[in-house]
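Just below is one structure, and these are the notes that go with it.
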Amino acid sequence: QVQLVESGGGSVQAGGSLKLSCIASGLTSTFSDSPMGWFRQAPGKEREGIAAMSSGGSIRYTDSVKGRFTISKDNAKNALYLEMNNLKPEDTAMYYCAADPGWRNAIRLFDIQEYKYWGQGTQVTVSS
């Protein structure tokens, strides 16, 4: 059984930082190959992809987080991270980790339908 568990969310003031973690279980044999991403969903809005990493290690960021957020992966720990700096009130949302098992030659990294597994989310609240 595959599980993704996010942690690291919280409440910070604008300009602050947080580091989110996503620990995967049940994906040990394929974790290093699996494309993974971070998505977020604010109240009343659709879930959007903000940072993702392909099977080959290519990274994509949505424009609104470029230069502020960094995605990274530790295959030895089956962990995906999202370091978030210079947080803004508009970053307030529930943040989700997603993974699709195994190597993918092509994937639309910000398409939610491309990912088979999702975590339960961790809340990030940024006050002005």
Side-chain angles (χ1 to χ4, degrees):
Q1 183 179 0
V2 175
Q3 281 191 316
L4 303 177
V5 180
E6 303 97 333
S7 62
S11 297
V12 296
Q13 291 190 325
S17 299
L18 286 171
K19 185 174 182 178
L20 306 184
S21 299
C22 171
I23 306 300
S25 60
L27 274 176
T28 305
S29 62
T30 60
F31 183 85
S32 61
D33 291 338
S34 300
M36 298 187 71
W38 287 99
F39 291 72
R40 69 185 180 188
Q41 188 167 17
K45 294 189 176 181
E46 292 187 352
R47 190 170 299 189
E48 62 169 343
I50 58 170
M53 185 180 293
S54 72
S55 295
S58 298
I59 290 174
R60 180 182 175 189
Y61 297 100
T62 194
D63 287 345
S64 62
V65 307
K66 281 180 183 176
R68 300 188 299 122
F69 290 12
T70 303
I71 187 172
S72 61
K73 196 177 182 189
D74 186 335
N75 293 326
K77 296 182 178 180
N78 286 351
L80 183 75
Y81 303 103
L82 185 68
E83 185 166 0
M84 306 185 294
N85 297 312
N86 190 21
L87 283 160
K88 303 176 180 181
E90 51 264 42
D91 294 318
T92 295
M94 185 71 79
Y95 284 68
Y96 298 91
C97 167
D100 197 67
W103 184 274
R104 291 282 302 273
N105 286 323
I107 183 172
R108 297 180 295 274
L109 285 173
F110 286 171
D111 186 341
I112 62 175
Q113 295 186 2
E114 292 278 51
Y115 295 89
K116 183 174 183 178
Y117 300 112
W118 291 82
Q120 292 300 306
T122 185
Q123 178 67 38
V124 172
T125 303
V126 185
S127 57
S128 57

Take Lys88 and Asp91 through the salt bridge (Lys or Arg N to Asp or Glu O under 4.0 Å) test and state the conclusion after the steps.
-> CA-CA 5 Å; Lys88 303 176 180 181; Asp91 294 318; over 6 Å; no
Counting N and O atoms only, with roles assigned by atom type, does the side chain of Lys73 sit under 3.5 Å from a partner on the main chain of Gly57, one being a donor and the other an acceptor?
-> no
So, do Ile71 and Tyr61 sit near enough that their side-chain heavy atoms are less than 4.5 Å apart?
-> yes
Could you check if a side-chain atom of Met36 sits within less than 4.5 angstrom of a side-chain atom of Cys97, using non-hydrogen atoms only?
-> yes
Keeping the roles fixed (side chain from Thr92, backbone from Val126), state whether a donor-acceptor pair exists under 3.5 Å.
-> yes
For Leu109 against Phe39, the heavy-atom pair lying closest together = O-CZ, 3.7 Å
Hey, what do you get for OG (Ser54) to CZ (Arg60), rounding to the nearest 0.5 Å?
-> 11.5 Å
Would you call Gln41 and Ile112 a side-chain contact if the rule is heavy atoms closer than 4.5 Å?
-> no
Find the distance between OG (Ser32) and CG (Asn75) and round it off to the nearest 0.5 Å.
-> 5.0 Å
Joint hydrophobic cluster, Leu80 plus Val5, side-chain heavy atoms closer than 4.5 Å = no
For the atom pair CD1 (Ile107) and OG (Ser58), what is the distance rounded to the nearest 0.5 Å?
-> 11.5 Å
Verify the ring-centre separation between Trp38 and Phe69: is it less than 6.0 angstrom?
-> no
Close side-chain approach of Ser72 to Glu83, heavy-atom, < 4.5 Å = no
Drop me the distance from Phe110's CZ to Ile50's CD1, to the nearest 0.5 angstrom.
-> 8.0 Å
Cluster link Tyr115 to Met53, ILVMFWY, side chain under 4.5 Å | no
Could you tell me which non-hydrogen atom of Ala79 sits nearest to which non-hydrogen atom of Ile23, and how far apart they are?
-> CB-CD1, 3.5 Å
Any donor-acceptor pair under 3.5 Å from Asn85 side chain to Ser17 backbone = no
Which atoms form the tightest heavy-atom contact between Arg40 and Ala93, and what is the distance?
-> CB-CB, 3.9 Å
Taking atom CG of Leu4 and atom CD of Gln120, what is their separation to the nearest 0.5 Å?
-> 9.5 Å
If every non-hydrogen atom of Leu82 is compared with every non-hydrogen atom of Ala51, which pair is closest and at what distance?
-> CD1-CB, 3.9 Å
Ignoring hydrogens and geometry, is there a side-chain-to-backbone donor-acceptor pair from Glu114 to Arg108 under 3.5 Å?
-> yes
Are side-chain heavy atoms of Met94 and Tyr96 found at a separation under 4.5 Å?
-> yes
Donor + acceptor pair across side chains of Asp33, Ser55 (<3.5 Å) = no
Between Leu18 and Leu87 the two heavy atoms that sit nearest each other are N-CD1, 3.9 Å
Does some side-chain heavy atom of Leu20 sit less than 4.5 Å from a side-chain heavy atom of Glu6?
-> no
Which heavy-atom pair separates Ser34 from Gly102 by the least distance, and what is that distance?
-> OG-N, 3.0 Å
